[in-house]
**Student:** 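What follows is a single structure, and I will ask about it in a moment.
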Protein chains: 2
Amino acid sequence: MAEIRTARTNVRANVRRVPGPCSHWDDLDADFIREVLDLVGDKWSVLIIGTLADGPTRYSELADAIPGISQRMLTLTLKQLRRTGLVDRTAYAEVPPRVEYSLTELGGSLLSTVLALAAWSADHHGEIRRHQAAFDAEG
Amino acid sequence: MAEIRTARTNVRANVRRVPGPCSHWDDLDADFIREVLDLVGDKWSVLIIGTLADGPTRYSELADAIPGISQRMLTLTLKQLRRTGLVDRTAYAEVPPRVEYSLTELGGSLLSTVLALAAWSADHHGEIRRHQAAFDAEG
DNA sequence: CAGTATCCTCATTGATACTG
DNA sequence: CAGTATCAATGAGGATACTG
């Protein structure tokens, strides 16, 4: 995984061979990438982050905005996102209770990056669908 | 979900109104992004893609290069990546058999995008660790 | 060497019920 | 309203054994 190790300097440098053993990342870094990848690959995280991009949102609004999510997973994922520092929670001392979640600056920057991935998806949607169809037609 | 949602048809958006109808994506695209996200978030996909970035690699070399992966998951993930068109398989009619896997151009372009995410991880590693520590110290 | 085929387990998730 | 607690089911993934 040469390129991933050197990604800090070679982000744009595309693939293929890596001349020398000039790694800037150690194994701990590699593990960390996995953590972020797990977070992004999580079933609900990106949906929540994407919803929060519209501005501060209440717990129940999130539940409504993200069809199919259970209270359990909403709570759990929000906790995870807060722990990572991507999301802020603000509770207002009112009756009835009001709690708003919002993206932190860090969360916003991750969203930007994820949107790049989304753009890639959009760009190659057709190509991938064709590959899948061809592959399924005959291995 | 300002950027990701914003559909012309609001199937997924029983949500509140979408502020500005200046979207480039529809709901099918949103679903497709999830597919790509799942792929990237997969436990082994990115590791395999990263390894293949060094050049064509044999099945057994992949198994050695990616500690902890089982034959089953290596085979399964490779199949998935081939189906998506990210990876090519070339079998040489020799004895003993030789099979090489390589990144397609599409796979290379995804790697570039994922590396951007890796760069983000590297950039914000410290900040996230601090958040996590603070969060764990006291909810 | 490069896979398949089976079995099995453990973790993630969803459903349901309850509470400050 | 905004959660927490508990339990059950699904399925991803590992271990092992076998094969073209």
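Quick note on labels: first sequence line is chain A, next is B, and so on, each numbered from 1. Only heavy atoms go into these numbers, but all of them, side chains included; no hydrogens, no water, no symmetry mates.
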**Student:** Between C1' on D:dG13 and CZ on A:R34, what's the gap in Å once rounded to a whole number?
**Tutor:**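 Rounded to the whole Å, the gap is 12 Å.
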**Student:** Rounded to the Å, how far apart are A:I66 CD1 and D:dA2 P?
**Tutor:**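 That distance rounds to 14 Å.
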**Student:** Consider the side chain of A:R58, meaning its heavy atoms from C-beta on, and name the nucleotide among D:dA2, D:dT4, C:dG14 that approaches it most closely.
**Tutor:** D:dA2
**Student:** Rounded to the nearest Å, what distance is computed from the CG atom of residue A:L74 to the C1' atom of nucleotide C:dG14?
**Tutor:**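 Answer to the nearest Å: 14 Å.
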**Student:** Does B:Y101 make a side-chain N or O approach to OP1 or OP2 of C:dG3 shorter than 4.0 Å?
**Tutor:**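 Result: yes.
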**Student:** Among D:dG13, C:dC1, C:dG14, which nucleotide sits nearest the side chain of B:P96?
**Tutor:**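 Of the candidates, C:dC1 comes closest.
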**Student:** Checking B:R129 against B:Q132: is there a side-chain donor and acceptor pair closer than 3.5 Å?
**Tutor:** yes
**Student:** Only one of A:L81, A:I66, A:L78 passes side-chain contact (heavy atoms from CB on, under 4.5 Å) with A:W44; say which it is.
**Tutor:**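 That would be A:I66; it is the only one of A:L81, A:I66, A:L78 passing the side-chain contact (heavy atoms from CB on, under 4.5 Å) with A:W44.
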**Student:** With DNA chain C as reference, determine whether A:S70 or A:P97 sits nearer its 5' end, using the nearest nucleotide of each.
**Tutor:** A:S70
**Student:** Heavy atoms only: give me the nearest A:H124-B:L106 pair and the separation to one decimal.
**Tutor:**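 Between these two residues, the closest heavy atoms are ND1-CD1, 3.3 Å.
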**Student:** What is the distance from atom CG of A:L47 to atom CD1 of A:I69, rounded to the nearest 0.5 Å?
**Tutor:**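 Nearest 0.5 Å value for the CG-CD1 distance: 7.5 Å.
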**Student:** How close or far is atom P of D:dG3 from atom CD of A:E61, stated in whole angstroms?
**Tutor:**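 After rounding, the reported distance stands at 13 Å.
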**Student:** Can you find a side chain N or O atom of B:K79 that sits less than 4.0 Å from OP1 or OP2 on C:dG3?
**Tutor:** no
**Student:** If you only use heavy atoms from C-beta on, which nucleotide in D:dG14, D:dG3, D:dG20 is closest to the side chain of B:M73?
**Tutor:** D:dG14
**Student:** If you only use heavy atoms from C-beta on, which nucleotide in C:dT4, C:dG14, D:dG3 is closest to the side chain of B:T75?
**Tutor:** C:dT4
**Student:** Find the partner of C:dA2: check Watson-Crick (N1-N3 plus N6-O4 or O6-N4) and G-U wobble (N1-O2, O6-N3) distances, both under 3.5 Å, and reply none if neither fits.
**Tutor:** D:dT19
**Student:** Using side-chain heavy atoms (C-beta onward) and a distance below 4.5 Å, is B:Y59 in contact with B:L74?
**Tutor:** yes
**Student:** Counting only side-chain heavy atoms from C-beta out, which of C:dA2, D:dG14, D:dT4 sits nearest to B:S60?
**Tutor:**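 It is C:dA2.
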**Student:** Atom OG1 of A:T77 and atom CG of A:L39: how far apart are they, to the nearest 0.5 Å?
**Tutor:** 9.0 Å
**Student:** Please tell me if A:K43 has a side-chain N or O lying less than 4.0 Å from either OP1 or OP2 of C:dG14.
**Tutor:**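 Answer yes for this pair, as a side-chain N or O of A:K43 is under 4.0 Å from OP1 or OP2.
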**Student:** Taking only the side-chain nitrogens and oxygens of A:W44, find out if one of them lies under 4.0 Å from OP1 or OP2 of C:dT12.
**Tutor:** no
**Student:** Could you state the atom-to-atom distance from CD1 of A:I69 to C1' of C:dT12 in whole Å?
**Tutor:** 14 Å
**Student:** A:Q71 has an atom CD; how far is it from atom P of C:dT13, in whole Å?
**Tutor:**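 Answer to the nearest Å: 17 Å.
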**Student:** Just the rounded figure in Å: distance from C1' of D:dC1 to CZ of A:R89.
**Tutor:**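 To the nearest whole Å, that distance equals 12 Å.
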**Student:** Rounded to the nearest Å, what distance is computed from the CG atom of residue B:D42 to the P atom of nucleotide D:dG14?
**Tutor:**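 So the two atoms are 10 Å apart, to the nearest Å.
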**Student:** So which nucleotide from D:dG13, C:dG3, D:dG3 ends up closest to the side chain of A:Y59?
**Tutor:** D:dG3
**Student:** Looking at the side chain of B:R72, which of C:dT4, D:dG13, C:dA15 is the nearest nucleotide?
**Tutor:** D:dG13
